Enquirer: 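Sending over a structure as structure tokens; questions will come in a sec.
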Amino acid sequence: MSDISLLARNHVELLPAGGLEAKLKLGRPLRVKLGIDVTSPDIHVGRGIPLQRMRAFQDAGHIGVLIVGDYTTRIGDPSGRSAERPILSDAEIDASAKLYVDQAMQILDPARTEIRFNGEWLSKLSFADVVRLTRTLTVAQLLERDDFSKRIAAGHPVSVSELLYPLMQAYDSVAIEADVELGGTDQLYNLLAGRTVMEAYGLEPQVVLTTPLLVSFDGSKMSSSIGNNIPLAAAREEQFGRTMRIPDTMLEDWYRLVVEGPVPAGEAMDAKLALARFIVARSHGAEAAVEAEAHFTRVVREGGAPEDVPQGVLPDGDPIHLPALLAAAFGLSTSDARRMIGQGGVKVDGTAVSSLDVPRAELDGALVQAGKRRFVQYPPSS
RNA sequence: GCAGGGGUUCCCGAGUGGCCAAAGGGGGCGGGCUGUAAACCCGCUGGCUCAGCCUUCAGAGGUUCGAAUCCUCUCCCCUGCACCA
């Protein structure tokens with residue numbers, strides 16, 4: 001019925017050995033779980049990789065169960081110290097969850113996806129239930145987690161509530177009776193904790209399948225907080241440009257993990273362009289990919305202005321103080337703008353300017369550029 | 001609770017009375033080189049119509065001509081000890 005090598009393509013761990021084969025022999029659609037954190041409503045290409053696995057299971061007739069971690073997010077980090085886990089309002093969480101699901105559907109098959117909010121069951125646990133849950137793991141087991149042990153070794157704080165996160169995630173598997181749980185390799189600990197906890201609750205433990213973390217253009221794993229991400233919700237030009245930033249040496253990994261195919265023969269440049277088109281097309285459609293490439297060619301490769309440059313309005317006065325103008329147009333500080341001018345990064349109609357005050361006539365009807373990518377057009381006064 | 005050690009600009013991390021808007025690295029930005037990149041080279045990196053001025057070194061007071069640096073209190077973190085019906 002299902003080809004295991006296809007389902008488990010690119011996996012790093014597939015545990016326990018033979019577990020997936022046994023599950024498939026049950027002859028019913030498997031419940032394949034993937035948990036998502038809704039702290040920021042951002043799925044990026046890297047986080048899309050486990051989703052691609054879920055899609056493969058769906059295509060083979062199984063059910064994808066997407067767990068929205070609304071409750072986990074709602075609790076937040078009680079110490080209030082972590083910027084990564086801000087406490088969000090219910091409305092923010094709901095909005096964020098919706099965006100998240102929309103993005104996930106770029107990759108998933110909606111007809112075979114079940115969306116569940118973990119508040120559904122976590123909010124109903126009594127304190128006694130929570131204590132029962134905590135009995136399923138020991139402190140030593142919790143501290144085994146690399147992340148915790150490293151932070152402790154480095155003298156960084158680990159709050160007790162953080163120790164509960166793996167337990168909450170594990171309980172999700174109990175609640176939905178997961179057959180398989182997917183995740184990045186960074187989730188291995190949590191996924192395995194899910195097995196232990198499921199067993200303690202008298203369930204058949206889930207099979208654990210981890211996928212590699214996608215290394216981004218800066219050489220570290222793709223992450224929203226680092227800012228090296230390519231969000232599935234990002235604009236077409238942005239997705240295209242960010243993809244083109246990856247070094248040629250990463251092409252093989254990206255093709256294997258994202259496209260799930262070989263790198264096309266020929267120039268690295270062409271392969272990268274094709275990759276960028278693939279990513280944009282998946283999120284925005286084939287036509288968007290063509291437009292994004294045209295934009296990239298014009299702005300980045302040829303150094304020209306984009307097709308639709310935002311219109312600006314010149315302030316009163318003559319001459320015009322350029323730092324203030326740039327600050328207003330591009331959201332810079334005037335100090336920043338001054339630096340850019342001083343370094344020859346500001347052009348008016350293609351010519352670098354060096355003076356801080358520019359006669360109004362020179363700006364009237366001019367195209368102003370700051371750096372490579374910031375443009376503003378001032379319409380001629382009549 | 002007690003005893004030590006800490007909290008520095010986006011991040012890491014120097015600085016322990018003036019030469020400090022604060023070393024160095026990372027990241028980022030601008031320029032150059034180029035096939036997009038990467039690599040490499042140069043420069044910049046708190047704010048302000050900027051040869052000057054203003055606001056920063058957990059927070060609030062204080063000492064001093066002068067404080068990131070000294071003192072007091074507060075908050076937070078770490079380590080050890082103690083507590084643990």
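Note that these values count all heavy atoms, side chains included, but never hydrogens, waters or copies made by symmetry. Since we're looking at a predicted model, the values are computed, not measured. Per chain, numbering begins at 1; letters A, B, ... match sequence-line order.
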Enquirer: Please tell me if A/S333 has a side-chain N or O lying less than 4.0 Å from either OP1 or OP2 of B/G47.
Expert: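 True: A/S333 side-chain N/O within range (under 4.0 Å) of B/G47 OP1/OP2.
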Enquirer: Taking atom CD1 of A/I67 and atom CD1 of A/I176, what is their separation to the nearest 0.5 Å?
Expert: 4.0 Å
Enquirer: Under 4.0 Å, heavy atoms only, any strand: does A/I246 hit a base, just the sugar-phosphate, or nothing?
Expert: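 The answer is sugar-phosphate, as A/I246 gets under 4.0 Å only of primed atoms, P, OP1 or OP2.
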Enquirer: Roughly, in whole Å, what's the span from CG in A/L332 to P in B/G28?
Expert: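 Roughly 17 Å, once rounded to whole Å.
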Enquirer: Measuring only the P atom in each nucleotide, how far is B/G18 from B/C11? A whole number of Å is fine.
Expert: 26 Å
Enquirer: From C-beta outward on A/R245, which listed nucleotide comes closest to its side chain: B/U36, B/G28, B/U49?
Expert: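 The closest nucleotide is B/G28.
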Enquirer: Taking atom P in both B/C71 and B/U16, compute the distance separating them and give it to the nearest angstrom.
Expert: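 Straight-line distance between the two P atoms is 15 Å.
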Enquirer: Please report the distance, rounded to the nearest Å, between CZ in A/R373 and P in B/G28.
Expert: 13 Å
Enquirer: Which whole number of Å gives the distance between the C1' atom of B/C44 and that of B/U9?
Expert: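 Result for the C1' pair: 16 Å, nearest Å.
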Enquirer: In whole Å, what is the span from the CD atom of A/Q343 to the P atom of B/C44?
Expert: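 After rounding, the gap between these two atoms is 7 Å.
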Enquirer: Please measure how far the C1' atom in B/G13 lies from the corresponding atom in B/C57, and state the result in whole Å.
Expert: 13 Å
Enquirer: What's the CD1-P distance between A/I341 and B/G30, to the nearest Å?
Expert: 14 Å
Enquirer: On RNA chain B, does the nearest nucleotide to A/G371 precede the nearest nucleotide to A/E267 from the 5' side, or the other way round? Give the residue.
Expert: A/G371
Enquirer: Could you give the distance separating B/G46 and B/C42 at their C1' atoms, to the nearest angstrom?
Expert: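 Each nucleotide's C1' atom is 24 Å from the other's.
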Enquirer: Taking A/V280 as the starting point, is it possible to reach A/M105 by hopping between hydrophobic residues whose side chains are less than 4.5 Å apart?
Expert: no
Enquirer: Pairing check on B/C44: which nucleotide meets the Watson-Crick or G-U wobble criteria with it, both distances under 3.5 Å?
Expert: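 Pair assignment: B/C44 / B/G28.
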Enquirer: Is a donor-acceptor contact shorter than 3.5 angstrom present between the side chain of A/T334 and the base of B/C50?
Expert: yes
Enquirer: Is any side-chain N or O of A/R338 closer than 4.0 Å to OP1 or OP2 of B/U45?
Expert: no
Enquirer: Should the pair A/E293-A/R277 be classified as a salt bridge under the 4.0 Å nitrogen-to-oxygen rule?
Expert: yes
Enquirer: Assign each of A/F217 and A/A327 to its nearest nucleotide of RNA chain B by heavy atoms, then name whichever residue's nucleotide is nearer the 5' end.
Expert: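 Here A/F217 is the residue nearer the 5' end.
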Enquirer: In whole angstroms, how far is the P atom of B/U34 from the CE atom of A/M244?
Expert: 18 Å
Enquirer: With both distances kept under 3.5 Å, what pairs with B/A23, Watson-Crick or G-U wobble?
Expert: none
Enquirer: If we take the C1' atom in both B/A68 and B/G59, what is their distance in whole Å?
Expert: 14 Å
Enquirer: Choosing from B/G35, B/C48, B/U49, which nucleotide comes nearest the side chain of A/R301?
Expert: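 That would be B/G35.
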Enquirer: Considering every strand shown, what is the Watson-Crick or G-U wobble mate of B/A3 when both distances are under 3.5 Å?
Expert: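 Looking at the geometry, B/A3 pairs with B/U79.
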Enquirer: Using both distances under 3.5 Å as the test, list the Watson-Crick or G-U wobble partner of B/U56, or none.
Expert: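 Check on B/U56: unpaired, no WC or wobble geometry under 3.5 Å.
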Enquirer: With under 30° as parallel and over 60° as perpendicular, where do the rings of A/Y201 and A/Y171 fit, or are they tilted in between?
Expert: perpendicular
Enquirer: Please work out if A/A370 contacts a base, only the sugar-phosphate, or nothing of the nucleic acid, heavy-atom cut-off 4.0 Å.
Expert: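 Here A/A370 touches no strand at all.
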Enquirer: Say whether, by atom type as modelled, one donor and one acceptor occur between the side chain of A/R112 and the main chain of A/G61 under 3.5 angstrom.
Expert: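 Present.
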Enquirer: Atom NZ of A/K347 and atom P of B/G32: how far apart are they, to the nearest Å?
Expert: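 A/K347 atom NZ is separated from B/G32 atom P by 6 Å.
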Enquirer: With no hydrogens and no angle check, is any side-chain donor or acceptor of A/Q52 less than 3.5 Å from a backbone partner on A/L257?
Expert: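 Confirmed, A/Q52 side chain pairs with A/L257 backbone.
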Enquirer: What nucleic acid atoms does A/F296 come within less than 4.0 Å of, heavy atoms only: base, sugar-phosphate, or nothing?
Expert: sugar-phosphate
Enquirer: Between B/C12 and B/C81, how far apart are the C1' atoms? Round to whole Å, please.
Expert: 31 Å
Enquirer: Nearest whole angstrom, please: distance from the P of B/G28 to the NZ of A/K372.
Expert: 14 Å
Enquirer: Taking any strand in view, what nucleotide pairs with B/A14 in a Watson-Crick or G-U wobble way, both distances under 3.5 Å?
Expert: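 Looking at the geometry, B/A14 pairs with no nucleotide.
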Enquirer: For A/M269, answer base if it contacts any base atom (sugar-phosphate contacts may also be present), sugar-phosphate if it contacts only those atoms, and nothing otherwise; contact means non-hydrogen atoms under 4.0 Å.
Expert: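 Base, at least one base atom sits under 4.0 Å.
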Enquirer: Between A/R374 and B/G30, does any side-chain N or O lie under 4.0 Å from OP1 or OP2?
Expert: yes
Enquirer: How far, in whole Å, is B/A21 from B/U8 if one measures between their C1' atoms?
Expert: 12 Å
Enquirer: Is it the case that the side chains of A/Q169 and A/Q187 hold a donor-acceptor pair, with the cut-off being a distance below 3.5 Å and no angle test?
Expert: yes
Enquirer: Expressed as a whole number of angstroms, how long is the span from A/R339:CZ to B/G30:C1'?
Expert: 11 Å
